[in-house]
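Remarks on the structure that follows.
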Amino acid sequence: MTTRLRVAPSPTGNLHVGTARAALYNWLYARHTGGVFIVRIDDTDRERSTPEYEANILDSLRWLGLDWDEGVGVGGPHGDYRQSSRFDRYREVAESLVASGVAYYDDRSEEELEELRQRAQREGKHPAYYIRRPDTPRSEGAIRFAVEESVEFVDLVRGEIRFEADAIDDFVILRSDGTPTYHLASTVDDVDYEITHVARGEDLLSSTPKHILLTRAMGAEPPVYAHLPLLFGADGKKLSKRHGATSVTEFREAGYLPEAMVNYLALLGWSPGDDLTIFDLDLAIERFDLADVQRNPAVFDLDKLTWLNGEYIRAMAVESFAERVRPWVEDEVGPLSDDEWARFEELAPLIQERTKLLREAAEQARFLYVSEITYDEASWKKVMEKDGVSEVLDAALDALGALSDWNAEAIESALRALPERLGLGAGKVFQPVRVAVTGSAVSPPLFESLAALGRETSIARLEEARRRL
RNA sequence: GGCCCCGUCGUCCAGCGGUCUAGGACGCCGGCCUUUCAAGCCGGUAACGCGGGUUCGAAUCCCGUCGGGGCUGCCA
């Protein structure tokens with residue numbers, strides 16, 4: 001039997017990294033087992049779902065390198081794979097469950113239900129204890145599923161799990177306005193699409209008995225469930241907006257690479273063994289198994305992701321690095337001509353070495369293109385507001401002005417002669433030149449930077465800095 | 001409150017009864033390199049929550065306890 005797995009995001013926000021990891025694990029397992037990976041959109045919440053979010057989700061999945069065999073955008077035997085176009089089907093299932101007696105109409109008010117919940121709680125019982133089939137049958141309202149049996153199942157990552165019937169509420173499957181709830185829509189789809197494995201966040205573990213009961217009521221065999229550990233923020237709580245970036249898009253815009261992202265996500269709850277930290281998707285596909293997923297929650301560690309990103313950046317061929325960084329640079333300083341871009345390419349290997357995020361590379365290259373240099377305040381204060389700086393700049397101006405060739409080697413030998421001549425340490429000479437030319441005490445290597453910048457601009461900046469002292 | 005899940009360095013992962021004086025990675029600290037910042041190299045710091053069992057032997061199995069988390073909606 002071929003495996004069929006899916007990811008079913010709700011288009012009520014951009015793709016969350018937690019959902020991205022769940023998608024990755026489903027995808028890895030599908031690819032590992034030679035099965036089918038499906039992307040479905042769970043948009044039963046008509047209020048909060050938007051086409052923009054849906055587009056962002058699909059786009060982010062593609063960016064991460066997760067392709068799908070069936071689903072939204074690529075088609076397949078089940079329509080457009082959006083729940084919003086299957087409401088008739090869900091209603092039909094709900095009504096047939098009422099007809100067969102396993103579900104019932106319930107027109108009780110919110111207040112009545114709340115009272116029943118509180119009563120149960122006062123008595124130390126499960127909140128759903130008293131929310132059961134009313135004595136006199138109703139013929140309108142929401143449709144609830146009548147829970148009458150305990151549920152036991154084997155979770156692929158957690159092992160045997162059991163829920164007593166008393167601890168499962170008679171849950172609503174069809175709202176009084178005729179729209180399906182998540183439980184219904186998701187379960188009907190999993191049955192109709194013949195999903196064999198459901199790997200999802202642990203937050204859905206307590207809903208699983210409902211899904212199993214529903215599946216059986218439809219006369220189908222439940223899929224294998226695998227509940228993945230949640231992703232936490234540094235405070236040990238479920239990862240959310242207040243922890244900073246949580247959407248794939250935010251990481252993308254900050255300059256993270258999809259390869260690094262996916263590598264890091266894979267590591268959050270799983271490991272390929274052999275103490276391997278850096279690996280590609282092919283290796284992950286080869287070794288991945290849902291049964292090997294970690295049970296305890298993982299804290300999302302931005303430092304480690306950033307380090308990994310740096311590893312990927314440094315591992316790239318310098319040409320690919322330059323190519324991928326160009327949009328960031330142009331975003332920072334505007335469109336560049338080929339000649340202007342050549343200046344970046346000259347420095348590219350040196351910038352690549354000290355870049356962890358593509359965005360940082362753009363910042364390092366900024367001095368090459370701005371017409372008016374801005375000085376980093378702290379750098380200026382630390383380096384330029386010292387005695388003897390004007391003499392240093394004068395000497396540098398002299399030495400550089402006399403150069404016939406303008407290249408890194410010539411610049412280096414001209415400037416290297418200065419510390420001794422001025423009786424100063426190397427740092428005392430090179431740092432003022434650096435700040436004058438790049439605007440910051442932190443920059444790519446000095447001689448190469450001057451070479452790439454060009455004679456005219458370099459000299460002009462030294463003069464400008466000299467005037468400002 | 002009820003139900004469910006989880007518990008190895010600060011963090012992620014390895015460990016599936018003996019080879020564990022617990023291994024790798026990030027971070028952190030120190031050193032080397034060095035015109036800055038990185039990178040690189042070398043070294044260091046640091047964990048089996050606790051208590052009982054089972055066993056010749058437990059990080060690994062069982063029970064309890066404590067701690068953390070999730071769910072508890074006509075959201076998903």
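Note on naming: letters A, B, ... go to the chains in the order of the sequence lines (proteins, then strands), and numbering restarts at 1 for each one. FYI, side chains are in, hydrogens and waters are out, and symmetry mates aren't considered; it's all heavy atoms of this structure.
Classification of A:Lys125 and A:Asp166 as a salt-bridged pair fails, no side-chain N sitting under 4.0 Å from a carboxylate O. Checked for salt-bridge contact, A:Arg366 and A:Glu363 miss the test: no charged N lies under 4.0 Å from a carboxylate O. Salt-bridge annotation for A:Asp170 and A:Arg133: absent, with no side-chain N of the basic residue lying under 4.0 Å from a carboxylate O of the acidic one. Under 4.0 Å is where a charged nitrogen must lie from a carboxylate oxygen, and between A:Arg48 and A:Asp43 no such pair does. We find that A:Arg138 and A:Asp106 are not joined by a salt bridge, their nearest charged nitrogen and carboxylate oxygen being 4.0 Å or further apart. Between A:Arg82 and A:Asp42, none of the side-chain N atoms (NZ, or NE/NH1/NH2) sits under 4.0 Å from a carboxylate O, so this pair counts as no salt bridge. Under a 4.0 Å N-O distance rule, the pair A:Arg117/A:Glu115 does not qualify as a salt bridge.
The partner of B:G40 is B:C32, judged by Watson-Crick or G-U wobble contacts that both fall below 3.5 Å. B:G10: Watson-Crick or G-U partner is B:C26, with both key distances under 3.5 Å.
Remark: C1' of B:A76 and CZ of A:Phe171 are 15 Å apart, rounded to the nearest angstrom. Taking atom CZ of A:Arg46 as the reference point, atom C1' of B:A76 lies 14 Å away to the nearest angstrom. In this structure, the CD1 atom of A:Ile143 is 14 Å from the P atom of B:C74, given to the nearest Å. Taking atom CG of residue A:Asn263 and atom C1' of nucleotide B:A25, one finds them 11 Å apart after rounding to whole Å. Taking atom CG of residue A:Leu239 and atom P of nucleotide B:G70, one finds them 12 Å apart after rounding to whole Å. In this structure, A:Glu160 atom CD and B:C62 atom P are separated by 12 Å, rounded to whole Å. Look at CD1 on A:Ile351: it is 14 Å from C1' on B:A39, rounded to the nearest Å. Remark: P of B:C13 and CG of A:Leu231 are 10 Å apart, rounded to the nearest angstrom.
Residue A:Arg354 places a side-chain atom within donor-acceptor reach of the base of B:C37, judged by atom type and a 3.5 Å distance cut-off alone. Remark: the A:Ser176 side chain and the B:C74 base include a donor-acceptor N/O pair separated by less than 3.5 Å.
A:Thr277 comes within 4.0 angstrom of the backbone, heavy atoms only, and of no base. Among the atoms of the strands shown, only primed sugar atoms or phosphate atoms (P, OP1, OP2) are found under 4.0 Å from some heavy atom of A:Arg314. The residue A:Glu110 sits apart from the nucleic acid: no heavy atom pair falls under 4.0 Å. In this structure, A:Arg108 reaches the bases: a heavy-atom distance under 4.0 Å links it to at least one base atom across the strands shown. A:Leu204 comes within 4.0 angstrom of a nucleotide base, judged by non-hydrogen atoms across all strands. Backbone-only contact: A:Ser271 has heavy atoms under 4.0 Å from sugar-phosphate atoms and none from a base. At the heavy-atom level, A:Glu311 lies under 4.0 Å from the strands shown only through sugar-phosphate atoms. Heavy atoms of A:Pro9 sit nowhere under 4.0 angstrom from any nucleic acid atom. Nucleic acid contact for A:Phe447: base, since at least one base atom lies under 4.0 Å from a heavy atom of the residue. Backbone-only contact: A:Leu205 has heavy atoms under 4.0 Å from sugar-phosphate atoms and none from a base. Residue A:Phe232 is in sugar-phosphate contact alone, with no base atom involved, counting any heavy-atom pair closer than 4.0 Å across all strands shown. Residue contacts for A:Gly269: at a heavy-atom cut-off of 4.0 Å it reaches the sugar-phosphate backbone alone, with no base atom in range. Heavy atoms of A:Pro127 sit under 4.0 angstrom from at least one base atom. Backbone-only engagement by A:Lys237 is indicated by non-hydrogen atom pairs under 4.0 Å involving sugar-phosphate atoms exclusively.
The side chain of A:Val299 lies closest to B:C12, out of B:C13, B:G27, B:C12. Side-chain atoms of A:Ala167 lie closest to B:C3 of the nucleotides B:U35, B:C5, B:C3. Taking the side chain of A:Phe430 as heavy atoms from C-beta on, and the options B:G73, B:U35, B:A76, the nearest nucleotide is B:U35. If you check B:C74, B:C3, B:U35 against the side chain of A:Leu446, the one that comes closest is B:U35. Among the nucleotides B:C71, B:C3, B:C6, the one closest to the side chain of A:Phe163 is B:C3. Comparing B:A25, B:C13, B:C74 by their closest approach to the side chain of A:Ala142 singles out B:C74. With B:C6, B:C71, B:C74 as the choices, the nucleotide that has an atom nearest any side-chain atom of A:Asn296 turns out to be B:C6. In the set B:G27, B:A76, B:U72, the nucleotide with an atom closest to the side chain of A:Lys356 is B:G27. Side chain of A:Tyr182, nearest nucleotide from B:U35, B:A76, B:C3: B:A76. Distances from the side chain of A:Gln294 to the nucleotides B:U35, B:A14, B:G70 place B:A14 closest.
Take the nearest nucleotide of RNA chain B for A:Trp307 and for A:Thr44: the residue whose nucleotide is more 5' is A:Trp307. The residue among A:His183 and A:Ala441 whose nearest nucleotide of RNA chain B lies closer to the 5′ end is A:Ala441.
Separation of the C1' atoms belonging to B:G7 and B:C50 is 12 Å when rounded to the nearest angstrom. Straight-line distance between the P atoms of B:G52 and B:G70: roughly 32 Å, to the nearest whole Å. Between B:G30 and B:G69, the distance separating the two P atoms is 34 Å to the nearest Å.
Between A:Arg144 and B:C74 there is a side-chain polar atom (N or O) within less than 4.0 angstrom of OP1 or OP2.
When ring centroids are compared, A:Tyr256 and A:Tyr264 stay outside the 6.0 Å threshold.
Defined by atom type and a distance below 3.5 Å, a donor-acceptor pair is missing between the side-chain atoms of A:Tyr182 and A:Asp45.
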